[in-house]
Amino acid sequence: MTSPDPWPEIRGIAYGGDYTPEQWPKEVWREDVALMREAGVNLVSVGIFAWALIETSEGVFDFAWLDELLDLLHENGISVDLGTPTASPPAWFFAQHPDARVVTRDGVTLGFGARGMASHSSPAYRAAAVRIASALAERYGDHPAVVLWHVHNEYGVPVGEDYSEQSVRAFRGWLQDRYSTLDGLNAAWGTAFWGQHYGDWDHVGAPAAAPSVVNPAQRLDFARFTDHQLRQCFIAERDAIRVHASQPITTNFMANQSWTTDMWAWAREVDIVSDDHYLVAADPEGEIGLAIAADLSRSVGGGKPWILMEHSTSAVNWQPRNVAKRPGELARNSLTHLARGADAILFFQWRASRSGAEKFHSAMIPHAGTTSRVWREVVELGDALGRLDEVRGSRVAADVAVLWDFESFWAQDLEWRPSVDVSHAERIRSFYERLWRDGITVDFALPGQDLSGYKLVVAPAQYLLSAADAANLTRYVASGGTLVVSFFSAVVDENDAVPPGGFVAPLREALGVVVEEFLPLREGARHAVQWRGAASLLADAWQEDVVLEGAEAVGTYLDGPGAGGAAITRHPHGAGVGWYLSTRLDAAALRTVMSEVYADAGIVPAAHPEGLEVVVRRGDGADFAVAINHRDEPAAFAATGVELLTGSAVDGTLTVPGGGVAVVRLEPTS
Ligand code: GLA
């Protein structure tokens, strides 16, 4: 199944990156476009940080350089993703509107000289952002080079939350919309605790630094408010552009970096999802984190193809140790994004900046120039992507959904939780990694969405679960689904309050258990779980006093504070099965348990050699198997069809060289 084409002007897979010609003399522009053609670049993002050069003082615009640039790109067949530069307002703006500066939770007012937007709640900023977005759209809405609009840059970083006076005022208004009355707010926030009752709206503030832990429901609402305000900034610019321009409009998300924004809600507002991804250099298996981010980017957009708006050709410059990519990694990373649904592979950035904070960041043209290995690999990748036109528009299908709920993460990340060892990111990674190693493609999903198309739903970290979402999960199991829930889930409701009946009670029907008490362990403590009365599984960090309400204890604590109690339970409910894992199993133990879960769900793991990642994209005419070999040794998988990068026939088996990639147009099986 393919999707309607958002940008018919570009043939095949889009390829390119952020382009900042404003940092270079004009002679370099001509060299740039010649080299772009050599590399097969067909799309560049421009203007993202150029506000001060486009609007030189309030209402005074200099479009001459941008006119010339867009014409030059168009003459050379290179399309443009035109940025609105509102992530970096000019010095004149802050001089005129000092109250638009962001104030941190600790009360520090942030100054000029870096980048980062003004207060999301500043009327002056909102007006200025709309003014420049409108001016750009009016001027370039009909420019033949422009195929996409790139609003702002990475909403939520480097600043999201704002504790300025105007933000506090806006927060009050947002709360009034949400709760109508102070009684409603007092009830939702549980202000009877620690004497926090409010009798006047003017006394309600942002959850700024305070002598002790600030009301968690207030903080959760402030996170929701922040996301809402940022999104309103996007919507204001988007709607201003739409008056003059008909091209698709996006803004670049950060699936693996900043969780200030709720990508599900944002995805509903953009015409096409785009994401920036940077490997976590400290992670020796960064490709797994990459796959998570790519699957999330696809999932929030309802499975439609998406744009990898930024990634790096080699090292970044902002992590503690910026590990460079080794030969072949650039292609492996790029093809993994493509395998998981990206129809555009773009980099930050085209040419390395000589000055400024990012001069040690890699680029498509590194400081070493076009004799470098990175440049050669950039050209090779452009050539490879040029052979994959027919993959564009095809979709990824998954039988498994992993729940990913930003609100739950925001709530769980607040202070005073039972153990610092419990992390939603770790839980997601642990289950995802198991599925990844088993060659099982997953979607991410919200607990309240229609899950009926999935054979298996995994809830690794659903700390916050509303009664309605719990009912949805229970229905899913009753009608034949298999649900796996990991510990510290269904703990609080949407106000961060423990639900009636206690922990896990909202899921008691589906899981056949409730949890009487959490039993977090001391640092480094490990324990064993007896599995099916025989084998012993290893686990750490956490146990629980699980009360059986119909579930079978298939794993029992052998030692630790919960010794003798149920550790892992299985509960047939209606036509389905609910599993509950009340401890942090190690990788081998999780493998053992998940193999039984797969059997319940009717899922068969792929038989690929370890380290060979294979994902299938389904098109109207054919399916495509994209294979990425993360090991140094060759690895084979079963396929019949044509390998598109080499054009060679594949008859039953394809061997992918160590570190290599392959894309096979599969022959229909029937
Ligand atoms: C982000 C930004 C880019 C650049 C890169 C560097 O993703 O959007 O402007 O700073 O990081 O990795």
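Please read all numbers here as calculations on a predicted model, not as lab measurements. Whatever order the structure lists ligands and atoms in, that order sets their numbers, starting from 1.
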Within 4.0 Å of some non-hydrogen atom of Asp276, the atoms of ligand 1 are 7 (O), 8 (O)
Side chains of Thr250 and Ser274: any donor to acceptor distance under 3.5 Å?
yes
Relative to the heavy atoms of Glu310, which atoms of ligand 1 are at a distance of less than 4.0 Å?
1 (C), 2 (C), 3 (C), 5 (C), 7 (O), 8 (O), 11 (O)
Taking side-chain contact (heavy atoms from CB on, under 4.5 Å) as the criterion, tell me which of Trp149, Tyr140, Trp7 meets it with Gln247.
Trp149
Tell me if a side-chain donor or acceptor on Arg238 pairs with a main-chain N or O of Glu269 at a distance below 3.5 Å.
yes
For Asn153, the ligand 1 atoms whose distance to one of its heavy atoms is below 4.0 Å
2 (C), 8 (O), 9 (O)
Identify which of His152, Glu358, Glu154 has a heavy atom lying nearest to atom 7 (O) of ligand 1.
Glu154
Verify the distance criterion only: is there a donor paired with an acceptor across the side chains of Gln349 and Ser353 at less than 3.5 Å?
yes
Any donor-acceptor pair under 3.5 Å from Asn42 side chain to Ile13 backbone
yes
For the pair Phe222 and Tyr163, name the ring-plane relationship: parallel under 30°, tilted 30 to 60°, perpendicular over 60°.
tilted
Are a donor atom and an acceptor atom from the side chains of Asp106 and Thr104 found within less than 3.5 Å of each other?
no
Asp18, any N or O under 3.5 Å of ligand 1 N or O:
no
Short list, please: which atoms of ligand 1 are under 4.0 Å from a heavy atom of His361?
6 (C), 12 (O)
Taking only heavy atoms of Phe49 into account, list the atoms of ligand 1 that are under 4.0 Å away from them.
9 (O)
When you look for heavy atoms under 4.0 Å from ligand 1, do you find them on the side chain of Gln349, its backbone, both, or neither?
neither
Residue and atom name of the nearest protein heavy atom (relative to atom 9 (O) of ligand 1), distance in Å to one decimal
Arg115 NH1, 3.0 Å
What I want to check is whether the side chains of Asp227 and Tyr155 have a donor and an acceptor closer together than 3.5 Å.
no
Can you find an N or O of Trp318 that's nearer than 3.5 Å to an N or O of ligand 1?
yes
So is His277 touching ligand 1 or not, going by heavy atoms under 4.0 Å?
no
